[in-house]
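Okay, structure first, notes after.
Below, chains carry the letters A, B, ... as their sequence lines are ordered, and counting in each starts from 1.
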Amino acid sequence: MDVGGPRQTCLVQIVLEQLDGGAIGATEIDGTGNEKAIERVAREQLPAFVAAREHAGRGEAASEPVVSEQRADAQPPRWVWDDTAVWYPELLRAGVTIERCFDLRLTDALLRNSPHTAAGYSALPAVQQRRHHDSADAALFHLEQPAPPSMAPVAALQRQQSALETSPAGLRLLVAAESAGALAAAEMGHAGLPWRRDEHERLLASMLGARPAEGYRPERLERLALAVADALGAPTINLDSPAELLRTLRSAGLAVETTRSHELQRLRHPAIAPLLEYKTLSRLWSANGWHWLDQWVHQGRFHPVFVPAGVVSGRWSSEGGGALQLPAVVRSAVRADEGWKLIVADAAQLEPRVLAAMSGDSAMARASSSGDLYQGMVDVGAVETRAQAKYGMLGAMYGGTTGESAKVLPRIARAFPRAIGFVEAAAQRGERGMPVSSLLGRGSPEPSEAWRELQAAASAESPDPVTVRRARSAARSQGRFTRNFVVQATAAEWALAWIALLRGALRQRYGADHTTSPHLVFFVHDELIVHAPAHHAEDVRELMHRTAADAGRLLFGESAVAFPVNAVVVDGYDEAK
DNA sequence: GGAGAGGGCGCC
DNA sequence: AGGGCGCCCTCTCC
């Protein structure tokens with residue numbers, strides 16, 4: 001368990017948990033804190049151990065397994081380490097895959113923030129995020145600041161296990177799913193998303209023109225910029241500067257508050273059409289243009305870094321390459337290899353279904369029984385149109401108070417009182433500064449000290465009106481956050497369960513070799529992509545349906561709410577949906 | 001010249 | 001007065 005001053009302290013510790021015995025009985029392979037020794041252990045012994053297990057599984061004599069007590073018929077070993085994201089990518093590069101793990105860092109974060117954690121868990125000292133590329137900085141940092149004492153991983157594991165033993169089953173499930181997700185995240189980043197450079201370049205050329213010399217804009221952007229400058233009578237304008245653009249638009253007589261596209265769309269002026277097109281294309285160029293391609297796509301693969309629980313709600317985030325924001329227009333470059341297929345699956349109306357299930361709203365469960373929840377809400381007579389259902393529910397889950405969404409909300413609340421009551425209660429807790437939690441027990445972060453001080457100032461005697469207004473606004477904002485948190489975090493748990501179950505099913509059926517077998521390559525909140533040899537594609541598609549249903553049962557039992565997915569077999573990502 | 005804030009926009 | 005992100009750009013500040 002590393003604490004604060006990264007590399008010199010006990011960096012890793014690979015521990016084998018003896019699951020059979022019930023007791024922890026962990027074996028610390030190397031607890032010396034010597035980084036080099038630990039890395040050697042990770043590289044050498046782990047593959048050796050895996051190989052030994054494989055021999056054992058085939059009934060052959062195991063050659064010096066690292067842990068001799070491991071029986072061939074036992075559950076596969078669960079490797080315990082401080083941080084999957086630090087160790088697993090390197091093992092994958094060495095050709096080693098792991099079936100199960102226990103991630104001390106992710107588990108600690110869950111335990112320390114969960115209201116469901118059994119009393120008595122004292123969190124580990126803060127575990128600093130550490131990645132291999134920042135080792136130089138970390139080492140420098142360490143020279144100036146001595147590391148606090150570290151905790152041995154076996155002790156950390158014991159502390160966490162003992163807290164989990166007396167915590168609700170949901171929290172144990174969440175901890176297991178979180179670690180499984182961490183393995184899947186590293187494996188997806190390692191395998192990479194199949195990406196056709198030629199297709200992407202063709203697309204860029206058709207939309208932007210030829211690739212410009214370094215430091216120049218593409219021809220199409222240049223022309224549009226000239227047209228805008230012309231129409232505004234401002235030959236030197238820099239369209240990439242919102243402040244300057246706003247000033248110029250105003251001096252051209254246009255009444256605008258911002259330069260956002262949706263506001264500009266309402267205007268009639270010869271500069272507007274080319275300006276909107278400039279914004280769209282400029283975005284493509286800077287976010288997913290040739291530079292992006294050079295930086296992120298190698299040997300036909302885009303290798304995003306997925307960060308499990310990178311968002312407080314438990315959603316994943318990503319680092320580098322903007323993996324979770326791949327714009328629709330570039331998805332045609334995501335293509336299966338020759339002889340392979342992509343199976344693209346996304347959950348239908350995940351968040352409202354999650355809300356229906358967790359709130360136990362039977363009317364909404366009935367509405368969800370057709371494939372389309374929003375249409376179901378129309379069919380039971382709650383609202384007139386599908387659009388009303390959709391925007392009304394989004395408003396309920398996001399805290400929208402204006403427009404069409406606010407108008408239909410009262411009707412939705414009458415038809416589905418438990419679902420709406422559930423998010424309302426979460427909002428009220430947030431407004432009062434109280435935390436909320438997901439179904440399985442992920443806790444929401446507490447509001448900041450500044451937030452509390454503001455609330456206190458507003459409830460003091462004769463507060464000034466500005467403070468009252470600010471406090472009210474901050475309270476509502478926290479309420480919107482907690483309102484959304486309960487749904488978003490539980491939806492993330494469903495998705496995590498789906499990933500874990502699908503990953504397990506794929507491994508069981510096809511093995512773990514991503515060069516020959518179906519494997520996960522992409523995940524975005526409620527959508528998964530598997531890359532598979534064509535002859536397995538239909539089978540994989542069926543597995544994706546089945547594991548989605550299993551994920552619903554795992555979280556909610558035999559709930560009346562189904563969690564259907566749309567899953568299609570395609571060659572290119574753009575063909576899905 | 002690097003850090004950080006803010007505008008804006010892509011995704012769910 | 002709509003939840004969560006990451007990333008690119010500009011601009012200000014040190």
Notebook entry, point to check: When all nucleic acid strands are considered with a 4.0 Å heavy-atom cut-off, which category describes Arg283(A): base, sugar-phosphate, or nothing?
Noted result: base
Check: Trp292(A) has an atom CH2; how far is it from atom P of dC11(B), in whole Å?
Finding: 14 Å
Item checked: Under 3.5 Å donor-acceptor, Glu493(A) side chain and Leu555(A) backbone -> no
Next item on the list: Calculate the interatomic distance between Lys390(A) atom NZ and dC12(B) atom P; express it in whole Å.
Entry: 11 Å
Check: Would you say a side-chain N or O of Lys279(A) is under 4.0 Å from OP1 or OP2 of dG8(B)?
Finding: no
Next item on the list: Using a heavy-atom cut-off of under 4.0 Å over every strand shown, decide if Arg469(A) touches base, sugar-phosphate, or nothing.
Entry: nothing
Notebook entry, point to check: So, Trp285(A) versus Tyr278(A), ring centres under 6.0 angstrom or not?
Noted result: no
Sub-3.5 Å pairs of nitrogen or oxygen atoms, protein against nucleotides 11-14 of chain C:
from	atom 1	to	atom 2	distance (Å)
dC11(C)	OP1	Ser241(A)	OG	2.7

Next item on the list: Assign Ser477(A) to base, sugar-phosphate, or nothing according to its heavy-atom contacts below 4.0 angstrom with the strands shown.
Entry: nothing
Margin query: Under 4.0 Å from OP1 or OP2 of dG2(C): is there any side-chain N or O of Arg480(A) that close?
Written below: no
Note to self: Taking any heavy-atom pair under 4.0 Å as a contact, classify Ser261(A): base, sugar-phosphate, or nothing.
What the structure shows: sugar-phosphate
Notebook entry, point to check: Once you round it to whole Å, what is the distance between P of dC9(B) and CG of Leu264(A)?
Noted result: 8 Å
Checklist line | Pair assignment for dG4(B), Watson-Crick or G-U wobble, requiring both distances under 3.5 Å | finding: dC11(C)
Note to self: Rounding to an integer number of Å, can you tell me how far Trp285(A) CH2 sits from dC7(C) P?
What the structure shows: 19 Å
Next item on the list: Measure the distance from CD on Glu431(A) to P on dA1(C) and round it to the nearest whole Å.
Entry: 16 Å
Notebook entry, point to check: Less than 5.5 Å between centroids and less than 30° between ring planes, does Tyr398(A) satisfy that with dG2(C)?
Noted result: no
Margin query: Taking any heavy-atom pair under 4.0 Å as a contact, classify Gly320(A): base, sugar-phosphate, or nothing.
Written below: sugar-phosphate
Margin query: Using the side-chain heavy atoms of Arg260(A), tell me which of these nucleotides is nearest: dC11(B), dC5(C), dC9(B).
Written below: dC9(B)
Checklist line | Val524(A) side-chain proximity, nearest of dC12(B), dG10(B), dG8(B) | finding: dC12(B)
Next item on the list: Please check if the distance between the ring centroids of His298(A) and His303(A) is under 6.0 Å.
Entry: no
Next item on the list: Indicate whether OP1 or OP2 belonging to dG4(C) is found under 4.0 Å from a side-chain N or O atom of Ser317(A).
Entry: no
Checklist line | Given dG10(B), dG7(B), dG3(C), the nucleotide with the shortest approach to the side chain of Asn484(A) | finding: dG3(C)
Checklist line | Salt bridge flag under 4.0 Å for residues Arg452(A) and Glu446(A) | finding: yes
Next item on the list: Among the candidates dC12(B), dG3(C), dG8(B), find the nucleotide nearest to the side-chain atoms of Phe481(A).
Entry: dG3(C)
Item checked: Ring centers of Phe302(A), Phe522(A) separated by less than 6.0 Å -> no
Item checked: Criterion salt bridge (Lys or Arg N to Asp or Glu O under 4.0 Å) on Arg197(A) and Asp294(A), from CA distance to verdict -> CA-CA 9 Å; Arg197(A) 170 176 276 272; Asp294(A) 290 344; 3.2 Å; yes
Margin query: Base, sugar-phosphate or nothing for Thr280(A)? Non-hydrogen atoms, less than 4.0 Å.
Written below: nothing
Check: In Å, rounded to the nearest 0.5 Å, how long is the span from CZ of Arg442(A) to CZ of Arg315(A)?
Finding: 12.0 Å
Next item on the list: Under a 3.5 Å limit for both distances, which nucleotide forms a Watson-Crick or G-U wobble pair with dG2(C), could you say?
Entry: none
Item checked: Candidates Glu424(A), Glu431(A), Glu351(A) - the one meeting salt bridge (Lys or Arg N to Asp or Glu O under 4.0 Å) with Arg483(A) -> Glu424(A)
Note to self: At 4.0 Å (heavy atoms only), tell me whether Arg315(A) reaches a base, stays on the sugar-phosphate, or touches nothing.
What the structure shows: base
Note to self: Could you tell me how far apart His525(A) (NE2) and dG10(B) (P) are, to the nearest whole angstrom?
What the structure shows: 16 Å
Notebook entry, point to check: Do Trp296(A) and Trp290(A) make the cut of ring centroids closer than 6.0 angstrom?
Noted result: no
Margin query: Side chain of Gln488(A), heavy atoms from C-beta onward: which of dG8(B), dC12(B), dG3(C) has the nearest atom to it?
Written below: dG3(C)
Next item on the list: Using atom CG of Leu281(A) as one end and atom P of dC9(B) as the other, report the distance to the nearest whole Å.
Entry: 13 Å
Check: If the C1' atom of dA5(B) is compared with that of dG2(C), how far apart are they to the nearest Å?
Finding: 22 Å
Check: Base, sugar-phosphate alone, or nothing: which one does Ser318(A) contact when heavy atoms must sit under 4.0 Å apart?
Finding: sugar-phosphate
Checklist line | Atom pair distance, as rounded to whole Å: CD in Gln265(A) and P in dG8(B) | finding: 14 Å
